[in-house]
Amino acid sequence: MNPPIPRFDHRAQYLELRNEVLAVFDEVLRGGSLVLGPAVAAFEEEVIRFFNPSSRAIGVGSGTDALAIALRALNISTDDEVITVANTAVATVSAIRMVGATPVFCDIDRETLQMNPSEARKKITTRTRAIIPVHLYGNAVDMPEICRIADLFGLSVIEDCAQSFGTLLHGKPTGLSGNIACFSFYPTKNLGAFGDAGMCLTQNRDLADVMRQLRVYGCGPEGSAEREGVNSRLDELQAAILRIKLQKLPGYLERRRQLAELYREHLPEKCRLPRCTAGAEHSYHLFVVRVQNRERVIDRLRAEGIECGVHYPTPIHLMPAYRFLRCPVGSLPHTELASAQILSLPLYPELSDDSVMKVCRAVERAIAE
Ligand SMILES: *Cc1c(COP(=O)(O)O)cnc(C)c1O
């Protein structure tokens, strides 16, 4: 039997980077600082250079924390509503709940599967304070339209860029349109640590100063709490690893796009692909296809050693933990339909062309059955 094709392979990446990773471990552990030290500061600077020299970056413990800290910095709390989508990582919604606010779901565009701005607009009430568009799969939300609506109603915009590090929209990286952008460096993401890490990015100096305090118990440099914060520090080992990988990111992104192109050329026609947003350059965090009889396709692929994912099988409004939001089956028709059809095929920079061809042939067989 062929060697298995996993959904993600951190070992292959480690083996490629092993010498560099071991060297920075040694450097960090021989140095004077383990948490929020020089590697974190250098990583923040390098991320800023990647985006826009006038941005500010705040390294935190995870993508979920980045979202919760962003919401808290904007003073969003109980009594406030935050509009987002239900076809995202649960994390987007748990962050909204961490500050006590109420998530309000809007439906997605049926072709791109991204937040539909006109659906978001319909959900605005007097209690709405913010919109969290999620750039899902490495594609992008129509940000000019989201920002236009937010301006019209005086709302804040927090971009969930956990899946879109390196995605471009109208030639600019995602993460520069809203008030704050939040990133996750969870190992599987486009830029992944070897553990948990996240980041907030903003163009606003005051918000940056607040978020810098929020990640360390709300304290200023003197150690006195200026506001109520949390503990969400980025550690030096993860930052040092992320610095190595940020240097390699252009190559990783190029490889992701090449593999996606190969999939597009060789997948059977019956495999529908979500449309790329107009003006977006997709970064292919995930390669998602839409199929009928998804469970059968998954089983067939698994029998050939190919592991797929589903992002996400249950929309958040239908999960037991969020029933209290009273958003019943049928309330988000495009979200619910897509959740039954989507399938994420393996895609990561270390995947070979040959593996992609094997996956395409296996999908073709599974669909033809
Ligand atoms: C991964 C992810 C998060 C959460 O990030 P963590 O680092 O796992 O906390 C949030 N939103 C989206 C869309 C994600 O994909």
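Whatever order the structure lists them in is the order used to number ligands and atoms, beginning at 1.
Close contacts of ligand 1 with Val134, meaning ligand atoms under 4.0 Å from a residue heavy atom, involve 13 (C). Atoms of ligand 1 lying under 4.0 Å from any heavy atom of Ser184, numbered from 1 in the order shown and given with element: 1 (C), 5 (O), 6 (P), 7 (O). Near Thr88, meaning under 4.0 Å from any of its heavy atoms, are these atoms of ligand 1: 13 (C). Less than 4.0 angstrom separates some heavy atom of Thr92 from each of these atoms of ligand 1: 11 (N). Numbered from 1 in the order shown, with element, the atoms of ligand 1 that lie under 4.0 Å from a heavy atom of Gly63 read 5 (O), 6 (P), 7 (O), 9 (O). Distances below 4.0 Å separate heavy atoms of Ala91 from the following atoms of ligand 1: 3 (C), 4 (C), 10 (C).
The pair Glu44-Arg215 counts as a salt bridge, with a side-chain nitrogen and a carboxylate oxygen less than 4.0 angstrom apart. Here Arg49 does not pair with Glu46 in a salt bridge; the nearest charged N to carboxylate O distance is not below 4.0 Å. Between Glu307 and Arg7 there is no salt bridge, since no side-chain N of the basic residue sits under 4.0 Å from a carboxylate O of the acidic one. A salt bridge does not link Glu295 with Arg300: every distance from a Lys NZ or Arg NE/NH1/NH2 to an Asp or Glu carboxylate oxygen is 4.0 Å or more.
By the criterion of side-chain heavy atoms lying less than 4.5 angstrom apart, applied directly or through intervening Ile, Leu, Val, Met, Phe, Trp or Tyr residues, Leu242 is grouped together with Phe51 in one hydrophobic cluster.
The aromatic ring centres of Tyr348 and Tyr284 sit 6.0 Å or more apart.
The N/O atoms of Asp160, backbone and side chain alike, include one that comes under 3.5 Å of an N/O atom in ligand 1. At a 3.5 angstrom cut-off on N or O pairs, Gln163 counts as close to ligand 1.
The protein atom (non-hydrogen) at minimum distance from atom 12 (C) of ligand 1 is Ala162 CB, 3.4 Å. Of the protein's non-hydrogen atoms, Lys189 NZ, 3.0 Å is the one closest to atom 14 (C) of ligand 1.
Applying the side-chain hydrogen bond (donor to acceptor under 3.5 Å, both in side chains) test to residues at least two apart or on different chains, the pairs with a partner in residues 309-320 are Gln163-Tyr312, His311-Ser344, His317-Glu336.
Of the heavy atoms in Thr64, both backbone and side-chain atoms come closer than 4.0 Å to ligand 1.
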Exercise. Using the side chain to side chain donor-acceptor pair (under 3.5 Å) rule, take Thr335 and Asn87 through it: C-alpha gap first, then chi angles, then the decisive distance, then the call.
Key: CA-CA 6 Å; Thr335 302; Asn87 65 335; 5.2 Å; no
